[in-house]
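To start, the structure under review is shown below, and the notes come after it.
Note that the structure is predicted; figures quoted are calculated from it, not measured. Naming: A, B, ... by sequence-line order, numbering from 1 per chain.
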Amino acid sequence: MSPEIASRTTQPRRHGSNSGQPLTRRDGVLKVTGRATYAADNHPEGMLYAVTAISRIARGRVTALDVTAAKAHPGVVEILTPANRPPLSHDPEEKMLPFGFRVEVLQNDGVRYVGQPIALVIAETLEAATEGAALLNPQYEVADARTNLSNGDRFDTASVGIGMPARTAHGDIAVGLAAATHVIEADYVTPAQYHNAMEPHAVVAEWDGDRVTLDMPNQAMALSCASYAAYFGIPAENVLIRSPFLGGGFGSKAILNGPQILAILAARLLKRPVKLALTRAQMYGPVGHRGHTWQKLRIGTDSNGRLTALHHHALCATSSFDEFLEAAANASLPLYESPAILVEHEGLRLDTGTPGPMRAPGEASGSATLEVAMDEAAVACGMDPLEFRLANYAETEPGTGRPFSSKALRECYSEGAKRFGWAGRPIEPRQMRDENGFLVGWGMGTAVFHCPHFPAEARATLRADGTALVETAGADMGQGAWTALAQIAAEALGLDPDQVEFHSGVSSLPDGGIAGGSGHTASAGLALNNAGEDAIAKLAALATADPASPLFGAGNIGVVARSGRLHRLDDDGRSESYVEILARAGQAEVIGTAKAARDQEAAAAHAMFSHGAVFAEVKVDPDLGQIRATRLVGAFAAGRVINPRLVRSQYFGGMIWGASFALHEEAITDHRTGRIMNADLAEYHIPVNADVPSLDAILIEENDPYVNPLGIKGVGEIGITGTVGAVANAVWHATGVRVRRFPIRIEDLIIGWDTSRK
Amino acid sequence: MNRFDYIRPASVPEAVAAAAVPGSTYLAAGTNLLDLMKVGTMRPERVIDITRLPGLDHIEWLADGSVRIGAMVRNSDLAYDARFARTFPAVAEALLSGASAQLRNAATVGGNLMQRTRCAYFHDLASACNRRMAGSGCDARDGENRLHAVLGWSEHCIATHPSDFCVPLVALDAVAEVEGPHGARDIPVDLLHALPGATPERETALAPGELIVALRLPSEAASFSGNARYLKLRERTSYAFAVVSAAAALEIEGGLIRKARIALGGVAAKPWRAREAEAALVDMPASTEAFTKAAELALADALPSGDNAFKIELARRIVVRALNLALEGTPEVMPALPASPFSTTAGATHVA
Ligand SMILES: Cc1cc2nc3c(=O)[nH]c(=O)nc-3n(C[C@H](O)[C@H](O)[C@H](O)COP(=O)(O)OP(=O)(O)OC[C@H]3O[C@@H](n4cnc5c(N)ncnc54)[C@H](O)[C@@H]3O)c2cc1C
Ligand code: SF4
């Protein structure tokens, strides 16, 4: 402990050490000085470069590859094709539970989507490998591409998302609709979107006998180790994944993909380290995406504006060979009270890569359409959209009647509306103009996201010098896990965050669970908390059993850990520092460990969700149709907040993504070939700063005793939900034009113009 | 990327001599060329780096009031040159509406003029594209062509020229100075880019090996400085190519239009000068009515080349708006969102 920090004991102190404080990122300086090492920054001695050759057809067979020409290119070392690819110990057509997908690892010459790897070229330089891949000049036997509604195969499905039921019914929809005074019915389309994490998928693989070290961005280290182990026929503990930083993941780095497996295989074959980094364009295919959906909503309301029926049907695209269906319609389950709710899904097989979880999977696409439909229903009832949502507020989980573990959505609505200035909004569209003549519209949407909890483990070591080392294999995708998780651990240990060394991002550490589902802070955080508490308990046992300690005999009364000292619970004046306790006990350290999971009884008895309300202002050029989301205000209740600075930043990121979904983002497919024609960041539009000039996120306090002992829900994904609808509804309010296809485009808004398009 | 020779000539004659060898290409900042080489649309055997050629990075004011801009002057440097921006405000505004700050800091005047189309099929080697490979066909014709040309296109190619910079340049009669194997010549920017006709692979008037060394704006162009705007419709507020754009410049005397200049961007394989529309405005009172008529004339020959009929209507509307903005007068300071319809909106204080 530095003298400077020690002298702070004279300062007024807060109870506990740090949770709830807006600390800046512990890894911030590393990042802004370029010293944070991302996977592709690693260059072990003797490293080779691998580049995948990818198919440019959507379906068929590769009939020829000019391997001779490619091999003749200077610097090319080896080329893997289906003809010579070494065996793998796991069948890539076999799904590996729980999150395994079927992958393309050159198991045959078949092509099932554009962008599928059809060969791997390994060379001494990246340039040589790239040119080698180009020289392969593949020849194909081409079958028709099936990439749209008219030629995909529709199918019934029992499950959506990852293991969720495809159909849920409460009450009788027909009865509910018959009882309604107003029924709105509308069809909506959401496009395919691609994760486009800033950092491409990359791996640097280095084998040592039957052990392999993988530098790669990874959101699910323990699961991935087990999966790679299965592919390579080695024990899971022989796989070491190092993933200290991820340049974004959004779900796409939680699941194994073909190119990375092939690069690891090449490293084993050639007995040299191999690096592979996908290009931007190569990220449109083998690494998942948000699937295309076609949704229908029917909402019945009575004369008081209360729902009588809510029917949400989603047709969801998946690949021809695997299933990941957006659980879009499930977005209609938890939010609004209705005597009859029916959500159902169907699948559509297309010749594309398999979709996968992408930030707010299911909810993003489903909430987008639900919130627009709710707006349409409010209009039908002649009600203000906020008033309409309040009239249909669910006090308990709709259909099941289970209590919510906590739900401060009312406060979100009221605080958000107040900050935004919602009151006095004209109910009719096209009523507001700004001083420059732009059409102005205000819209809103409700945000909701479930809060899963993954099993996780951690270790906390209190050291003789009074500092601590805490460890878990967490993943920081940019959300700030390095900081927030350390704050939780420091609090449990009664230390300042500066006194806590945090090791994370390596698979050999205790399993930190999955960084997904907005559940990482809660899951890894609880493990760290419990490990810290375990270490403190062990330290307390030493002190209270030691006659020389001022805490002697306080075993039953208990102690509290604060500022590096244990205090008697009943007499704050009697205390002893960790340093003294360990010194007297002659111990170099005490180690606490924990395995944490959710209390299954609490989980069964409660509905657990984060909630929020998003309010949007858009401006639209009345002649030219250009749209701008000029103001976004979100208010969110997501349990306990560990670090408000990081949480706000997560909400901003989500809200920006929501604006992106509503106004910008879309993969454009040429349906003749199945090729995506805008697979680069110049043409695949996401918002720039000028598109989101004003963002505001309000953190609503919420105490949740049931989600987990820390009361933490999750904040990573909820910001998208609600926002898409809010922006789209604001566009309607500005223009009077209801666009039911995302993203909303300029031509949709040119009044008097035929808005039909492909 | 294919292997190529990298050549760094020390003078313009050396550069021209080096580029005379078939398979050569000039490299300026590379913001367009390198992208094209990475996807394989361009596979030059010799890359002639012109970034260190002496004397091409000056802005020179000539005695007659015209300005001569070296081909290596960076887009940002030109846009932020105070005298240039004051004299040719629509050009500065167009430059600042293009790409991103980082790209503008690198991109050169010559490279901007010579940048290639953004047609996705041109960039996709698996697609047929007459422009990339003569006679192979045009997959954009029945493909994703929402943003393709509505003027001057042919069955052989419906691509647009993406430059913003070039739009006010053609409106203001800018001229490119060229040096080549057969000596020096001037090419008006309006004649630099070719319409596709039956030979879309011939994109510009430059002969093989010819190098743009400078760009000249005539002194007459300065007479529009008080009433000149560039307006660009985009699918996001910044950092996107134009859906359609327009440069408009007026010389007004006693409420009557003395001279008018109108050019459209994003509508054709070249920046599209609308001379008939200009002529129709001369000696007319400046009014929305007159502007609407001019816009009709400017788009009289427009035809959708695919899924893009809406662009014709948008082009008409943007001409009217640009003329109205020009009539209001060039803003004192460059708008925070250059060329954006939202440039008047409060809230954005940076150049985006
Ligand atoms: C993401 C992105 C967004 C963009 N957005 C816009 C936009 O909104 N608006 C816009 O106008 N532009 C935009 N651009 C294009 C940008 O303006 C051009 O890439 C840039 O101007 C090219 O200049 P350069 O110096 O890099 O040229 P290079 O890439 O070096 O060269 C481009 C071409 O010109 C040739 N060339 C270069 N100099 C000369 C010369 N002196 N004589 C003869 N031939 C020459 C080269 O051989 C090459 O074929 C964008 C580009 C990117 C990558
Ligand atoms: S429009 Fe022109 S550039 Fe595009 S594919 Fe057709 S020929 Fe090529």
Atom group of A:Ile676 that falls short of 4.5 Å from chain B, counting heavy atoms: neither

Test item: A:His664 side-chain N/O and B:Glu235 main-chain N/O as donor-acceptor pair under 3.5 Å: yes

Separation between CG of B:Leu314 and CG of A:Asp623, rounded to the nearest 0.5 Å: 10.0 Å

Toward chain B, the part of A:Ile668 with a non-hydrogen atom under 4.5 Å: side chain

Heavy atoms from other residues, nucleotides or ligands near CG of A:Asp144 exceed 12 (cutoff 6.0 Å): no

Side chain to side chain contact (heavy atoms under 4.5 Å, CB included) between B:Asn2 and A:His73, worked out: CA-CA 10 Å; B:Asn2 59 305; A:His73 188 71; over 6 Å; no

Portion of A:Ile686 that has a non-hydrogen atom of chain B nearer than 4.5 angstrom: both

Where B:Gly143 and A:Asp670 come nearest, the two heavy atoms and their spacing: CA-OD2, 4.1 Å

NZ/NE/NH1/NH2 to OD/OE distance under 4.0 Å, B:Arg146 and A:Glu747: yes

Side-chain heavy-atom pair B:Arg118, A:Glu683 within 4.5 angstrom cut-off: yes

Leading residue by heavy atom contact count with chain B [cutoff under 4.5 Å; candidates A:Ala679, A:Pro687, A:Gly625, A:Pro74]: A:Pro74

Note, B:Lys38 side chain near A:Thr130 side chain (heavy atom, < 4.5 Å): no

Structural part of B:Val320 lying under 4.5 Å from a heavy atom of chain A: neither

Taking every non-hydrogen atom, the tightest pair across A:Lys619 and B:Phe342: O-CZ, 3.5 Å

Reported CG-to-CD distance for the pair B:Leu231 and A:Gln626, which is rounded to 0.5 angstrom: 8.5 Å

Note, A:Arg745 side chain near B:Val243 side chain (heavy atom, < 4.5 Å): no

Over 12 foreign heavy atoms within 6.0 Å of NZ, A:Lys71: yes

Toward chain B, the part of A:Ala133 with a non-hydrogen atom under 4.5 Å: neither

Contact summary for B:Glu313 and A:Ile750, nearest pair of heavy atoms: CG-CG2, 4.5 Å

Residues A:Arg56 and B:Ser127: side-chain donor-acceptor under 3.5 angstrom: no

Proximity breakdown for A:Arg675 and chain B, heavy-atom pairs closer than 4.5 Å: side chain

B:Glu289 atom CD: more than 12 heavy-atom contacts under 6.0 Å: no

A:Asp691 (side chain) donor-acceptor with B:Thr237 (main chain) under 3.5 angstrom: yes

For B:Glu155, salt bridge (charged side-chain N to carboxylate O under 4.0 Å, His left out) partners two or more places apart: B:Arg141

A:Ser694 portion near chain B, given a 4.5 angstrom heavy-atom threshold: neither

Heavy-atom check, side chain of B:Asp139 versus side chain of A:Arg672, under 4.5 Å: yes

Most contacts with chain A, counted as non-hydrogen pairs under 4.5 angstrom, among B:Ala126, B:Ala240, B:Ser340, B:Ser100: B:Ala126

Side chain to side chain, B:Glu144 and A:Thr669, heavy atoms closer than 4.5 Å: no

Contact summary for B:Ser238 and A:Val688, nearest pair of heavy atoms: O-CG2, 3.7 Å

Steps toward salt bridge (charged side-chain N to carboxylate O under 4.0 Å, His left out) verdict (A:Glu131, B:Arg43): CA-CA 11 Å; A:Glu131 183 61 10; B:Arg43 292 174 67 85; 2.4 Å; yes

Interatomic distance, A:Asn436 atom CG to B:Ser343 atom OG [nearest 0.5 angstrom]: 8.5 Å

Taking every non-hydrogen atom, the tightest pair across A:Leu624 and B:Arg321: CD1-NH1, 3.9 Å

Chain A contact via B:Tyr121 - side chain, backbone, both or neither, heavy atoms under 4.5 Å: both

A:Glu127 vs B:Arg3, side chain to side chain contact (heavy atoms under 4.5 Å, CB included): CA-CA, chis, key distance, verdict: CA-CA 9 Å; A:Glu127 290 75 12; B:Arg3 288 161 76 92; over 6 Å; no

